[in-house]
Amino acid sequence: MGILRVRAKHQPFEVAALVTTSICGVLLMALDVRPPSVQLSMPEPIQLGWEVSLIVVGVAGLLGILWPGRLSTGLGIEFASVLVLGTITGMYAVALVAVSGQQGVVAASLISAVPVGSFWRAAQIATDLRCLAYGHQCTSHQRVVGGVT
């Protein structure tokens, strides 16, 4: 019987985004500063929730990736984290365009890569979880037999 090789553990951009997300959330709260686009487009409670979400998503996503227990549990945590990451970074991209107009389009385009990548990753994780649930019967997984792929 082969060993299942899941795509979940080899995502350097995801790890970098999650680490950076946590750092950004901590800096926003510690320095008590917010981007003008966020201040102008989001009510105060939403701003606070956005900052806390940045921290929680980053930490939870990294926890899911490094989860020492069942693979499905770690993937589930990671799945929830990347969904929320995509949502909150998408909120920021929309806020940026709403406030800055055409001047913010370039920055918002770059920032929009995070939600696109997050939702793409969520789709990969959903596929992995489905394959785990159905007993590894999916063709998207490589089986390692005798240590050779």
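Keep in mind it's a predicted model, so treat the numbers as computed, not measured.
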Are [Y] and [X] connected into the same hydrophobic cluster when the rule is that any two of I, L, V, M, F, W, Y join if their side-chain heavy atoms are below 4.5 Å apart?
| X | Y | result |
| --- | --- | --- |
| V84 | I23 | yes |
| V33 | I111 | yes |
| Y92 | L31 | yes |
| V56 | I125 | no |
| L83 | V59 | no |

**Message:** If we ignore hydrogens and angles and just use 3.5 Å, is the side chain of W67 paired with the main-chain N or O of T73 as donor and acceptor?
**Reply:** no
Rounded to the nearest 0.5 Å, how far does [atom2] of [Y] lie from [atom1] of [X]?
| X | Y | atom1 | atom2 | answer |
| --- | --- | --- | --- | --- |
| L40 | S100 | CG | OG | 9.0 Å |
| I65 | I77 | CD1 | CD1 | 11.0 Å |
| E44 | Q39 | CD | CD | 8.5 Å |
| S41 | I46 | OG | CD1 | 10.5 Å |
| R121 | F13 | CZ | CZ | 14.0 Å |

**Prompt:** Where do D128 and F79 land on the side-chain contact (heavy atoms from CB on, under 4.5 Å) test, with the steps shown first?
**Reply:** CA-CA 10 Å; D128 290 342; F79 178 72; over 6 Å; no
Shortest non-hydrogen separation from [X] to [Y] and the atoms involved:
| X | Y | value |
| --- | --- | --- |
| A107 | L96 | CB-CD2, 3.5 Å |
| A17 | L85 | CB-CD2, 4.5 Å |
| P115 | G86 | CB-O, 3.3 Å |
| G104 | V97 | O-CG2, 4.2 Å |
| S81 | G61 | OG-N, 3.1 Å |
| A95 | S37 | O-CB, 3.7 Å |

Are [X] and [Y] side-chain neighbours, meaning at least one heavy-atom pair lies under 4.5 Å?
| X | Y | answer |
| --- | --- | --- |
| E51 | V38 | no |
| V52 | M29 | yes |
| L75 | E78 | yes |
| S22 | L54 | no |
| F119 | V82 | no |

**Request:** Give a yes-or-no answer on whether the side chains of R34 and Q47 include a donor-acceptor pair shorter than 3.5 Å.
**Result:** yes
